[in-house]
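Below is one structure, written out as C-alpha cells, with a few remarks after it.
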Amino acid sequence: MPRRRLAPILLLVIPSLAQTSHTISVTDNGYRRTWWKEAVVYQVYPRSFKDSNGDGIGDIPGITSKLEYLRSLGVNVIWLGPHYDSPNADMGYDIRDYRKVMTEFGTMADFDVLLAGIKQRHMKLIIDLVVNHTSDEHRWFVESRKSKANPYRDYYFWRPGKNGGPPNNFPSFFSGSAWQLDPTTNEYYLHLFAVKQPDLNWDNPKVRQDVYGLMKFWLDKGVDGFRMDVITLISKNPAFPDLKPGQNFVDVYASGPHLHEYLQEMNRDVLSHYDVMTVGEALGISLKQTPLIVDERRKELNMIFNFAIVNVMRQGRHIRHWTLPELKAVYSEQAAALDAHSWNTIFLSNHDNPRLVSTFGNDSARWREPSAKVLATLLLTQRGTPFIYQGDELGMTNFPFKTIAEIEDIEAKNAWKADVETRKETADAFMDDMRHTSRDNSRTPMQWDATENAGFTTSRSPWLAVNPNYKSINATAELADPNSVYHYFQRLIAFRSRTPALIYGDYKDLNPGDPKVFVYTRVLGPERYLVVMTFSADAVTYKLPGHVRAGELVFTSGASHEGHTGTLHLSGWEARIYRL
Ligand code: TEU
Ligand code: CA
C-alpha cells in the first residue's frame, strides 16, 4: 500500500462526517448520533481556575477571561462546578440558594456574560446540580428544623433516636454517623455527607417539583445540561434498616426503591423539553448496572460517572497499588455491559480525585510529560464522552502536602479527627495517603504562568496553596512549546473530533493481560484504528498478537516512524495510533 500523508486521510474522514450529519443519524454499528456523544468536556473547578479581583478565590469573570484558552484547546462543553450561593462547608456542594450566584464567584450578570461568551464560541455549558442535599442554611432546612409541624418538615428526613443513639447505624461519607441530633425538636436528621448537608426527601412530591423548578430556571437561561451530584443516592428506604455486617454502605445508599422512577419523572417533566446533556455521578452503580440509567429507551440520563475507575486508583482515602490489567478490565467490562443504546463517560480524574499524571502516570521530571500524553491518549480514544479536568491538559501534579494544616477539604479534615486524633492511625501514615489521594491535590490553583502564585491571583494568599512546581509547569510555558502536553491534548482532541471511529467505533482489547502495553482497536465500518500505549518507563519490544500488523502511523507521542509491521519497538510511556 502506498504511504499516504495525513492530509488525504483528513479529506476521507471529514466529508463522511459532514454528509452523515444531515441525513443519516445512526452509525454503522447502531449508535444514534448526538452532539453530546461527540463532545469533549472540560471540567472547571471555579474556586481554583482564575481569580479576577485579587481576593485569592477563583471567580466567574476569571473563567470568562480564559475562554479563548479553552476554545483553542478544542473542548466543546464546559462543566462548571457548583456556582451557587453557599457557606462552603463542602466547597459549594452545600447550597443555600439555588437561584443565586456564590458571592465570592460574582453576580448573576457575571454568569450571563460567561454563558454568552461560551455560546459565542460555539461551546456549551453544563452546570452542577446538587440536589441530593442542601446546605443547612437553605431556607427549606431553616424552616424544617423549626418544629415538627412546619410545612417544610418533610423536605428532609427526621427520625427519633433509638436506644439513646441515632436512628440507625448509617455512616456518613465524611466520617461519623449520618444522623445529627437537632436540639430544637430533639429528633435526628439524615446527612450522608457533612453535618451541614442535610439530605432532601425526594419521596415528598413538593421537593421534586421544587427541584424541577430550579432546573427549568437554569435551562431557560440557556445552560445546556447538568452534571448531577450523587444522583444515585436520591431515593432512600424510609424504614432506614441498619446496615448488616459485611454490607457495603455505598451499595445500600445507591439502591433506593424509587431511583429510576424519579429519574424518569425528571426526564419527562424537565429534560425531555430541552436539547440537553446529562451526566449523573453514580456512586454505588456497577458497570453492569449502568444501562439501567443510561439506556436511551429508559429515558433517564445520557451518561454517568462510574466509580469503577476510582476504585482502581484508590481505596477510599487510602493509596492503592493498581496494575495495568486492572485498568484495562474497566474498559472491557464497560464495552461488554453497554450496547449501542447506552453511552458513557471517560474520565480519569476530577475534583474528588488526585491528579491524573500522578495517579495513572509517572510524575517524575523524566516521565511526567510522556506519561501525561499517554493518559491523554487513553482519555481521548475510548468510547464515551471524554472529561478533561482542569490542569490535566498541562500535566499538573499532586501537591507535596506535609501537614494537615495545608489541607482545606472537609472529607480529609473529618477523617483526621476521626482517625488520627483518636490514634487509630499515625499522622505520618495519614499524610502519606493524603499525598496520593487527597481531593485537594486536584483543587490547587491553575498554573497559568511563572509569576508569583502562578498568575492565578494577585493576592499573596490564594485560598489553597499553589503547587511549588508552577515555575516549570504552567500554561504560558506550554503554549510556547509545540511539544507540550497542552499541544498534544489540542492535536488529539482535533484528531478525535474528525475521526468517527474513535468516537463510536467498537472496542477490543487485544492483550488484556499484558502488564506494560495497552493495545486495542476501534472499528467503525471500514475505518479501523489501532491504539498502542506503554504504561511503563521501560522500553518494550512488542509483537502484536495474532496476525495483526500496525498500519500507517497517524498519530504519535513519540519520535519513531515505525509502521506496517507486526513488531513494535516502543519507548517508555509512548502512545501511537495506527490506521489498519
Ligand atoms: O462526590 C461524592 C463522592 O463520591 C465523594 O465525596 C467521595 O465520597 C469522596 O471523594 C471519596 O473520597 C460528590 C462531589 O463530587 C463531591 O465534591 C462532594 O463533596 C459530594 O458529592 C457531596 O456533595
Ligand atoms: Ca476572586
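Fair warning: this is a prediction, and the values are worked out from it, not measured in the lab. Start at 1 and go down the list; that is how both ligands and their atoms are numbered. These numbers come from the heavy atoms of this one structure, side chains and all, not from hydrogens, waters or symmetry mates.
Residue contacts with ligand 1 for Arg443 involve side-chain atoms from C-beta outward but no N, CA, C or O (heavy atoms, distance under 4.0 Å). With a 4.0 Å heavy-atom cut-off, ligand 1 is reached by no atom of Arg317. Under 4.0 angstrom from ligand 1, there are no non-hydrogen atoms of Met91. The part of Phe174 lying near ligand 1 is the side chain, judged by heavy-atom distances below 4.0 Å. At a 4.0 Å heavy-atom cut-off, ligand 1 does not touch Gln315 at all.
Taking every heavy atom of Glu411 and a limit of under 4.0 angstrom, the matching atoms of ligand 1 come to 9 (C), 10 (O), 11 (C), 12 (O). Those atoms of ligand 1 that come under 4.0 Å of a heavy atom in Phe307, given as number and element, are 4 (O). Below 4.0 Å from some heavy atom of Leu283 lie the following atoms of ligand 1, by number and element: 4 (O). The contact set between ligand 1 and Arg439, taken as ligand atoms under 4.0 Å from a residue heavy atom, comprises 5 (C), 6 (O), 10 (O), 16 (C), 17 (O), 18 (C), 19 (O). Near Asp229, with a cut-off below 4.0 Å to any heavy atom, the atoms of ligand 1 are 13 (C), 14 (C), 15 (O), 21 (O), 22 (C), 23 (O).
Considering only heavy atoms from C-beta on, Phe141 stays 4.5 Å or farther from Leu200 through its side chain. Using a 4.5 Å heavy-atom cutoff, the side chains of Tyr98 and Thr134 are in contact.
Of all protein atoms, those that are N, O or S and lie under 3.0 Å from the Ca ion (ligand 2) total 5.
In summary, the aromatic rings of Phe305 and Phe347 are positioned with their centroids under 6.0 Å apart. Ring to ring, Phe49 and Trp448 are close: their centroids are under 6.0 angstrom apart.
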Q: Could you give me the CA-CA distance, side-chain angles and deciding distance for Phe249 and Phe173, then say whether ring-ring contact (aromatic ring centres under 6.0 Å, His included) is met?
A: CA-CA 9 Å; Phe249 71 93; Phe173 283 96; 5.3 Å; yes
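Residues satisfying the ring pair (Phe, Tyr, Trp, His ring centres under 6.0 Å) criterion with Tyr274, sequence neighbours excluded, are absent altogether. Looking at residues two or more places apart in sequence or on another chain, you find a side-chain contact (heavy atoms from CB on, under 4.5 Å) between Val195 and Gln180, Tyr189, His191. With sequence neighbours left out, the salt bridge (charged side-chain N to carboxylate O under 4.0 Å, His left out) criterion links Asp136 to Lys196.
Relative to the six-membered ring of Trp463, Arg47 meets both conditions, a distance below 6.0 Å and an angle of at most 45° to the axis.
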